Amino acid sequence: MKRHFFSAALTSGALLSAAMFSAPAMAQEQKFITIGTGGQTGVYYVVGQSVCRMVNRVKEANIKCNAPSTGGSVANVNGLKSGELDMGVVQSDVAYRAYNGEDNFDQPFEELRSVFAMHGEPLTILARADAGIESFDDLKGKRVNVGNPGSGQRATMEVLMDAKGWSMDDYSLASELTAAEMASALADNNIDAMAYVVGHPNGSIQEATTTVESNLVPITGEEVDKLVEEYPYYTKSTISGGLYKGNDEDTETFGVAATLLTDANTNADVVYTTVKAVFDNFDRFKRLHPAFSTLEPEQMVSEGLTAPLHEGAERYYKERGWIE
Ligand code: GLU
C-alpha cells in the first residue's frame, strides 16, 4: 500500500516537473488545450478524446489537446470558470443554469460560450431485476445512486426530485458514486438502481446489463410532462430497445443534449481550428462512437445551445453557410 502511494506521488511529481520545463520553452509555438469530459465508461470521455484526436491531426496548428476524465457537467463548468479547462462537455440544462446563474450556480457565468451540440442524453435509470423497480416512483425506499455532486445526472435528478417534492430521505440510501463506479456497485448488490444522464449505447450500462440482470426504468408522468413543457432544453426521449442485454423494449424517458462549451476568453483561432478540424473531417469523427452516428452539422450548431456561440466557432459556421 505504502509503496503504491509512493510511486503515485513520484509519478505526479515527475509529470509536474515535466510540465514546468516544457511549458515556457514551447509556449511561443505550441498551444495546449484541455477538454473536461466525464467518467471513462461514459460518452463524454469519447467526445473529448475524439475532438482532441481531430485537433491533434492538424499539424500546422501545433495545438496539443488532451481530454482527461472529470466529475461531469457541473465540474466542467467550474473548470471553465476557474480557467483549469479550456473546453468542457456539459448537459444543456446545466449549461442554461450556469449561464443564467440558477440552482447550483450563484452567479451568472456570462462568459460561457457554445462550441457545438452533440448527441442526446436521456435520463437513464437502470435497476437490478430483483429490486422490482418498474417506474420512477418505485425508487422510494430503495438504494439509489443519485450521482456524484459534480455530475450532470445529480443535477437533473435533483430537478426531477424537486418537481416531485422528494428529498434524499425518500431513498433508503442515496449514494454518490461516480459514473465509473456505479455499474459494479449495481452488480455487487450495493445499490438497487443507478441514475445516469448519458448517450446510448455506452460502456457503463453495457457493463451493468451484462454482469447483472437489470432493467431500464421508464420515467414518465405529469411532473415530467411539466418539465418538458416549461423548459426548452428538456425533451421527451426514448432509449431504443435491443441496445442492451435483457432490454428489448423501448424505454420512455426525457433528456437533454450534450454540448461542447468554452469561455469567451478562449483564443478565437484555437476554437476556429477545433471546429474546423471536426467538421472538415466529419465522417471520420462520426465513426468514433455509435452515439455520434445520427449527428448532423447544421443541427449541432443551431439546436440545443443555451449559451451564445463562441466567436471562433461562429466564424467557421458562417464560412460554411450554416448560420447567418
Ligand atoms: N451527462 C453526464 C454528466 O454531465 C456525463 C455523461 C457522459 O459521460 O457521457 O455528468
Side-chain angles (χ1 to χ4, degrees), residues 31 33-38 44 47-48 51-52 54-55 61 63 65 67 70 72-121 152 155-156 159 197 228 230-235 255-280 282 285 292 295-324:
K31 295 186 193 75
I33 57 172
T34 303
I35 304 179
T37 62
Y44 284 14
V47 172
V51 170
C52 281
M54 307 319 277
V55 173
I63 297 173
C65 178
T70 71
S73 282
V74 175
N76 293 342
V77 168
N78 292 332
L80 286 173
K81 244 186 225 171
S82 70
E84 213 170 305
L85 298 174
D86 303 291
M87 293 186 198
V89 194
V90 178
Q91 289 176 201
S92 49
D93 56 344
V94 173
Y96 179 90
R97 285 184 221 118
Y99 185 68
N100 294 291
E102 295 175 8
D103 294 345
N104 310 44
F105 305 96
D106 313 336
Q107 301 282 333
F109 182 10
E110 286 166 2
E111 292 83 29
L112 194 63
R113 293 291 178 273
S114 297
V115 181
F116 49 70
M118 287 288 304
H119 55 283
E121 301 190 271
T156 305
V159 169
V197 175
V228 169
E230 199 168 340
Y231 300 107
Y233 43 80
Y234 287 133
T235 52
V256 293
T259 57
L260 183 66
L261 299 182
T262 188
D263 182 286
N265 303 314
T266 306
N267 183 299
D269 292 335
V270 168
V271 178
Y272 177 89
T273 304
T274 303
V275 300
K276 183 170 164 55
V278 168
F279 289 111
D280 282 2
F282 197 62
F285 178 79
F292 304 168
L295 292 177
E296 296 288 344
E298 282 168 71
Q299 248 171 331
M300 292 166 71
V301 309
S302 59
E303 288 172 24
L305 301 176
T306 48
L309 280 173
H310 187 280
E311 56 166 316
E314 199 173 48
R315 197 202 311 161
Y316 179 80
Y317 304 153
K318 279 189 178 155
E319 277 173 22
R320 294 293 302 253
W322 292 339
I323 57 170
E324 299 272 292

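The structure presented is a predicted model; accordingly, all values stated were derived computationally and were not measured.
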Would you indicate whether Tyr231, at its atom OH, is surrounded by more than 12 heavy atoms from other residues, nucleotides or ligands within a distance under 6.0 Å? no
Does the side chain of Thr34 reach to within under 4.5 Å of the side chain of Glu84, using non-hydrogen atoms? no
Applied to residues 307-324, the side chain to side chain donor-acceptor pair (under 3.5 Å) test, sequence neighbours excluded, yields Asp269-Arg315, Tyr272-Glu319, Asp280-Tyr316, Tyr316-Arg320
Side chains of Val47 and Thr37: closer than 4.5 Å at any heavy-atom pair? no
In chain order, what residues pass the side chain to side chain donor-acceptor pair (under 3.5 Å) check against Thr262, with sequence neighbours excluded? Thr266
Walk me through it: do Thr274 and Ile33 pass the test side chain to side chain contact (heavy atoms under 4.5 Å, CB included)? CA-CA 10 Å; Thr274 303; Ile33 57 172; 4.0 Å; yes
Minimum heavy-atom distance Gly48-Ala67, with the two atoms named: C-CB, 3.4 Å
Closest contact, heavy atoms only, Cys52 versus Ile35: SG-CD1, 3.9 Å
Calculate, to the nearest 0.5 Å, the distance between atoms CD1 and OG1 belonging to Ile63 and Thr273 respectively. 4.5 Å
Taking distance alone, no hydrogens or angles, what donor-acceptor pairs closer than 3.5 Å link side-chain atoms of residues 98-111 to residues at least two apart or in another chain?
unit_1	atom_1	unit_2	atom_2	d
Asn100	ND2	Tyr96	O	2.8
Asp103	OD2	Arg97	NE	3.3

Which atom of Val74 lies closest to which atom of Ala155, heavy atoms considered: CG2-CB, 4.3 Å
Side chain to side chain contact (heavy atoms under 4.5 Å, CB included) between Asp86 and Val270, intermediate numbers included: CA-CA 10 Å; Asp86 303 291; Val270 168; over 6 Å; no
Between Leu309 and Val115 the two heavy atoms that sit nearest each other are CD2-O, 3.8 Å
The criterion is side chain to side chain donor-acceptor pair (under 3.5 Å); which residues satisfy it with Thr70, sequence neighbours excluded? Asn76
Those residues that, when tested against Asp93, pass side chain to side chain donor-acceptor pair (under 3.5 Å) (two or more places apart): Gln91, Thr156, Tyr234
Can you list the residues that meet the side-chain contact (heavy atoms from CB on, under 4.5 Å) rule with Ala75, with sequence neighbours excluded? none
Closest non-hydrogen atom pair, Ala117 against Leu305: N-CD2, 3.6 Å
For the pair Val51 and Phe285, evaluate side chain to side chain contact (heavy atoms under 4.5 Å, CB included) and give the outcome as yes or no after the intermediate values. CA-CA 8 Å; Val51 170; Phe285 178 79; 3.9 Å; yes
Side chains of residues 296-304: which donor-acceptor partners sit under 3.5 Å, not counting sequence neighbours?
unit_1	atom_1	unit_2	atom_2	d
Gln299	NE2	Glu303	OE1	3.4
Ser302	OG	Glu298	O	2.8

Nearest heavy-atom contact between Ala95 and Thr259 is CB-OG1, 4.4 Å
Gap between atom CG of Leu295 and atom CE of Met118 - 0.5 Å precision: 5.0 Å
